[in-house]
Structures are given as structure tokens and as C-alpha cells.
Amino acid sequence: DFHFVKKFHKDGNIIDSWGNAGSKNGQFLHAQGITIDSQDNVYVSDAENCNIQKFDKDGNFITKWGTKGIGPSKFLQPESMAVDSLNNIYVAKDNYVSIFNGLEKSWENITFINGQYKNVRDIEVFNDKIYATSDSGLYVSGDKGITWKTVDFFGRKSQKMARSNR
């Protein structure tokens with residue numbers, strides 16, 4: 001059942017949940033990814049509704065953005081998400097990583113060279129470096145996400161990634 005979000009206490013007990021099946025505000029068809037910013041706002045990606053929804057820490061709906069498609073603020077099954085120290089939201093979506101400013105504005109899409117890297121599955125931000133995995137390997141950002149390098153699963157550098165504003 002992918003139609004709701006559960007909030008757990010550190011002892012493992014459920015302390016809250018929200019959402020149900022549908023396409024309206026606060027509803028999900030397939031809640032896929034979740035991340036929390038420094039203000040305890042909760043972001044949930046919905047792979048079937050092709051959007052991102054933002055809630056406060058108590059599960060109250062704030063906003064949502066995204067539609068099905070390719071391009072800025074469009075998704076084809078958004079998957080994993082991560083947040084950096086500036087509360088930028090990184091969303092893994094097919095062959096792209098989209099970066100949002102915590103609102104509905106997408107200020108950049110990072111694309112893989114020649115579209116040859118498929119199925120970005122997971123993304124994490126640690127010490128303001130971005131780590132993304134796909135069927136092709138692991139990608140690690142350089143300083144402040146300006147340059148990227150591709151490493152294989154043994155940590156060896158193999159290729160670079162390009163940026164675009166699609």
C-alpha cells in the first residue's frame with residue numbers, strides 16, 4: 001500500500017500517518033521517495049502522480065508541483081530525493097537529477113552525457129556533495145556540485161557528467 005506516509009517514533013512505533021489513494025492534495029498513488037529539510041518540512045515524491053508534495057512536520061499539506069513529462073518541473077516517475085544544507089531539493093528522475101529551491105521552482109536539471117546513463121535510482125547529499133546511482137554506476141559531484149565525476153562500483157573515476165537547463 002503506497003498511498004500514505006507513516007511517521008515513526010525512534011522506538012519503531014507509528015505515531016502518525018497521512019494520505020490516502022488519489023490525485024488530490026495530500027493523496028498519493030505511489031509514494032516513492034521522502035526527504036526532510038532543516039525546517040522539518042517533509043517532501044514526498046509520487047511516482048504515479050508524477051509530482052512532489054510538501055508537508056509540514058505534522059503532515060499538513062503545504063504545496064505540490066510537477067506534472068507528467070520531460071523538462072523543468074516535469075517527471076516520469078520521480079524516485080529518490082535528498083536535501084542539502086541550503087534546503088535545495090534534489091530529485092532523481094529517469095535520466096536526470098532536478099534541483100528545486102524548496103518551492104516549485106526548478107532552477108537546474110543535471111543530465112548525464114549524451115543521455116547514455118539510464119535510470120537514476122537513488123540520490124543523497126552528504127557534506128554538500130551529491131551522490132547519485134543509476135544502472136550505469138555511481139556519480140559524485142565536485143565542489144558545490146559544479147563538476148561531476150562518474151565512478152564505477154570500485155571507486156575508480158571513469159567519466160564526467162554534463163549539465164543542462166532542460
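If you read the sequence from its start, that first residue is 1, and numbering goes on from there. All values below were derived from every heavy atom in this structure, side-chain atoms included, with hydrogens, water molecules and symmetry-related copies excluded.
When all heavy atoms are compared, the tightest approach of P78 to S45 is O-OG, 3.6 Å. F75 and V91 make their closest contact through CE2-CG1, 3.8 Å (heavy atoms, listed as atom of the first residue, atom of the second, distance).
Atom CD1 of I89 and atom OG1 of T35 lie 6.0 Å apart (nearest 0.5 Å). In this structure, K54 NZ and T63 OG1 are separated by 8.0 Å, a value rounded to the nearest 0.5 Å.
You'll find the side chain of N25 reaches within 4.5 Å of the side chain of K64, heavy atoms only. Y90 places a side-chain heavy atom less than 4.5 Å from the side chain of D84. Within the 4.5 Å cutoff, side-chain heavy atoms of V5 are placed close to those of I34. With contacts defined as side-chain heavy-atom distances shorter than 4.5 Å, the pair D56/D40 does not qualify. With contacts defined as side-chain heavy-atom distances shorter than 4.5 Å, the pair Q53/F61 qualifies.
No continuous path of hydrophobic side-chain contacts links L76 to V44 [ILVMFWY only; heavy atoms under 4.5 Å].
Between the side chain of S80 and the main chain of I123, a donor-acceptor pair closer than 3.5 Å is present. Between the side chain of D46 and the backbone N or O of L29, at least one donor-acceptor pair lies under 3.5 Å. At least one donor-acceptor pair under 3.5 Å links the side chain of D37 to the backbone N or O of Q39. Judged purely by atom type and a 3.5 angstrom limit, N87 uses its side chain to pair as donor or acceptor with the backbone of S38.
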Review point. For E48 and Q77, what are the C-alpha separation, side-chain angles and deciding distance, and is it a side-chain contact (heavy atoms from CB on, under 4.5 Å)?
Key: CA-CA 6 Å; E48 294 300 319; Q77 296 188 329; 3.3 Å; yes

Practice item. Show the numbers, then the answer: is there a side-chain contact (heavy atoms from CB on, under 4.5 Å) between V83 and Y43? Key: CA-CA 9 Å; V83 63; Y43 300 83; 5.6 Å; no

Practice item. Go through the steps to decide whether N13 and D11 satisfy the test side-chain hydrogen bond (donor to acceptor under 3.5 Å, both in side chains), and finish with yes or no. Key: CA-CA 6 Å; N13 292 318; D11 65 11; 3.2 Å; yes

Check your understanding: After noting the C-alpha distance and the side-chain angles of M81 and I52, does the key distance pass the side-chain contact (heavy atoms from CB on, under 4.5 Å) rule?
Key -> CA-CA 10 Å; M81 295 184 299; I52 307 297; 3.7 Å; yes

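Relative orientation of the F28 and F55 rings is tilted, given thresholds of 30° and 60° on the angle between their planes.
N51 and N49 are not linked by any side-chain donor-acceptor pair at a separation below 3.5 angstrom, with hydrogens and angles left out of the test.
The aromatic ring centres of F4 and W18 sit 6.0 Å or more apart.
Counted within 6.0 Å of NZ on K6, heavy atoms from surrounding residues, nucleotides or ligands total 12 or fewer; the atom is thus considered open.
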